[in-house]
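In this chain, numbering begins with 1 at the start of the sequence shown.
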Amino acid sequence: MDLVIRNASLPDGRRDIDIAIAGGRIAALGPRLPVRGARELDAAGDLVTPPFVDAHFHMDATLSYGLPRVNRSGTLLEGIALWGELKPALTQDALIERAMQYCDWAVARGLLAIRSHVDICDDRLLAVEALLEVRRRVAPYLDLQLVAFPQDGVLRSPGAFDNLKRAIGMGVDVVGGIPHFERTMADGAASVRLLCEYAAEQGLRVDMHCDESDDPLSRHIETLACETQRLGLQGRVSGSHLTSMHSMDNYYVSKLLPLIREAGVAAIANPLINITLQGRHDSYPKRRGMTRVPELMAAGVEVAFGHDCAMDPWYSLGSADMLEVAHMGLHVAQMTGQEAMLQCFMAVTENPARILGLEGYGLAPGCHADLVLLDAATPVEAIRLRAARRVVIRRGVVLSETAPTQARLHLPERAAHTRFRLER
Ligand code: FE2
């Protein structure tokens with residue numbers, strides 16, 4: 001074997017598991033495997049998980065914080081204005097450099113697959129070219145899936161549909177959209193139909209920014225589910241954000257949830273961004289604005305959490321840490337039950353892997369040997385500690401190592417160290 005990991009705990013609760021790796025894939029997995037590895041790694045009871053997956057990100061804007069100025073108010077509207085100021089000044093080299101730096105952070109955080117939207121409303125398609133180049137450069141160590149995203153509205157922005165088709169022709173993977181940003185509800189529905197028909201014709205996946213609003217009457221998810229069914233796109237369509245569902249009437253939602261489930265449309269919430277950008281027109285009480293995550297999950301809908309933004313015009317924070325995303329999602333959705341906390345971990349690993357259609361993802365013989373050893377014993381502890389990624393492995397090769405968290409204490413009659421783990 002090329003590598004054997006000993007004494008691992010797995011997300012499903014199995015303990016003392018050895019993982020044998022050969023030829024970049026998991027060859028065997030079980031207790032006390034009678035094999036030898038060219039290299040052996042002792043997990044010492046800590047958690048080994050498949051890599052984190054981010055189902056929703058904007059890599060063309062990331063790490064542009066402060067360019068050309070910071071978002072003083074921290075609001076969505078000032079963020080959009082700022083992005084408009086920044087766009088004409090973007091250069092391909094700078095876009096590539098920032099995206100590559102973010103991918104470094106991602107790898108160090110065990111985040112090895114990202115679906116990024118890329119704005120196609122600029123006729124030059126500068127960002128598309130830049131991110132295609134980034135996708136090529138990071139391919140050996142990170143799966144980057146690109147969505148052709150008409151930020152200013154595919155119908156509202158002149159030339160956007162042609163640009164979108166050009167971007168797909170250049171190699172962008174997924175069809176995007178933003179129906180709630182079109183001029184009218186009718187235009188929003190028409191944009192969903194247009195884009196879904198195009199995706200069906202091209203055999204592509206769809207991921208739309210859908211109903212990112214506090215308006216309970218923003219119901220484009222209904223059209224998205226209906227078009228998905230009509231065109232036979234089940235299992236290939238995602239609704240991103242869906243924040244209006246937070247504010248919808250409960251009776252309407254009781255009809256909507258089975259519709260989404262029947263259509264096989266996935267839901268992608270973005271907790272860090274939803275909790276900061278939604279409810280901004282409220283006084284008190286202030287709405288949280290994130291979509292109905294536990295209810296969607298209970299209805300059998302595939303749900304993932306995305307990072308959405310990191311140090312860009314909309315969000316000044318973030319560091320490619322999907323455990324931080326899961327931590328926020330858990331709190332915002334009040335998912336504190338034992339099973340619910342585990343579901344929050346799945347929302348940044350297995351669920352988005354299925355949404356992206358990643359091949360060979362998982363912890364079973366035959367899967368790619370893409371693994372993260374965490375400085376935590378369980379998924380819940382990993383979320384609680386935003387645990388250090390002790391070792392990040394891709395195709396059996398170590399990509400990144402981080403020292404476990406440990407503080408040295410100088411206290412009378414107390415231990416010399418603490419690792420923030422329960423010691424009993
Ligand atoms: Fe987004």
Side-chain angles (χ1 to χ4, degrees), residues 11-12 49-57 111 113-115 117 145 147 174 205-212 219-222 224-225 228-229 233-248 250 253-275 278 288-308 322-358 361-362 379-380 382-383:
D12 64 8
T49 173
F52 297 103
V53 180
D54 183 359
H56 188 111
F57 196 64
L111 168 56
I114 300 174
R115 174 182 279 182
H117 296 253
Q145 196 175 78
V147 185
V174 179
R205 290 174 190 272
V206 175
D207 188 339
M208 291 197 195
H209 283 67
C210 194
D211 304 323
E212 188 182 5
R219 294 174 168 187
H220 297 295
I221 178 60
E222 180 185 84
L224 185 62
T228 299
Q229 244 175 351
L233 288 169
Q234 290 92 338
R236 285 161 48 195
V237 176
S238 305
S240 276
H241 290 295
L242 304 179
T243 51
S244 73
M245 278 184 75
H246 187 97
S247 302
M248 282 174 184
N250 285 335
V253 171
S254 73
K255 175 193 166 205
L256 181 60
L257 287 171
L259 206 69
I260 300 173
R261 167 74 183 89
E262 279 165 37
V265 170
I268 300 169
N270 297 289
L272 297 170
I273 307 310
N274 301 152
I275 196 66
Q278 301 306 311
R288 298 169 191 221
M290 190 169 78
T291 195
R292 302 188 186 203
V293 170
E295 291 78 8
L296 283 158
M297 286 177 167
V301 176
E302 189 84 270
V303 182
F305 289 146
H307 202 305
D308 201 5
M322 294 308 292
L323 285 172
E324 186 174 287
V325 173
H327 189 268
M328 181 61 75
L330 184 156
H331 285 78
V332 173
Q334 301 182 325
M335 292 176 69
T336 48
Q338 291 300 307
E339 185 58 31
M341 289 194 284
L342 195 58
Q343 283 178 330
C344 289
F345 190 83
M346 297 308 163
V348 293
T349 51
E350 281 180 14
N351 302 359
R354 277 192 295 271
I355 290 171
L356 268 66
L358 296 180
Y361 181 94
V380 174
I383 293 174

Checklist line | Under 3.5 Å: donor-acceptor pair, side chain of Asn351, backbone of Glu302 | finding: no
Note to self: Any side-chain to backbone donor/acceptor pair from Asp54 onto His307? Under 3.5 Å, distance only.
What the structure shows: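 Indeed, once roles are kept as given, a pair shorter than 3.5 Å links the two residues.
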In Å and rounded to the nearest 0.5 Å, what is the [atom1] to [atom2] distance from [X] to [Y]?
X      : Y      : atom1 : atom2 : answer
Tyr361 : Glu350 : OH    : CD    : 6.5 Å
His327 : Met322 : NE2   : CE    : 14.5 Å
Arg288 : Ser247 : CZ    : OG    : 12.5 Å
Leu256 : Ser254 : CG    : OG    : 9.0 Å
Glu295 : Met245 : CD    : CE    : 8.0 Å
Phe57  : Asp308 : CZ    : CG    : 8.0 Å

Do [X] and [Y] come close enough that some side-chain heavy atom pair is under 4.5 Å?
X      : Y      : value
Pro11  : Met346 : yes
Val325 : Phe52  : no
Gln145 : Asp207 : no
Met290 : Met328 : no
Cys344 : Ile383 : yes

Margin query: Under the side-chain contact (heavy atoms from CB on, under 4.5 Å) test against Phe305, which residue among Val348, Leu272, Val53 passes?
Written below: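 Of the listed options, the one satisfying the test is Val348.
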Note to self: Among Leu356, Thr228, Ile268, which residue satisfies the side-chain contact (heavy atoms from CB on, under 4.5 Å) criterion with Ser238?
What the structure shows: Ile268
Next item on the list: May I ask you to check whether over 12 heavy atoms, not counting those of Arg261, lie within 6.0 Å of atom CZ?
Entry: no
Check: Do you know the tightest heavy-atom contact between Arg219 and Met248?
Finding: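 The pair with the smallest heavy-atom distance is CG-CE, 4.2 Å.
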Next item on the list: Report the residue from His56, Arg115, Glu212 that forms a side-chain hydrogen bond (donor to acceptor under 3.5 Å, both in side chains) with Ser240.
Entry: His56
Check: Would Thr243 and Asn274 count as having a side-chain donor-acceptor pair, cut-off 3.5 Å?
Finding: no
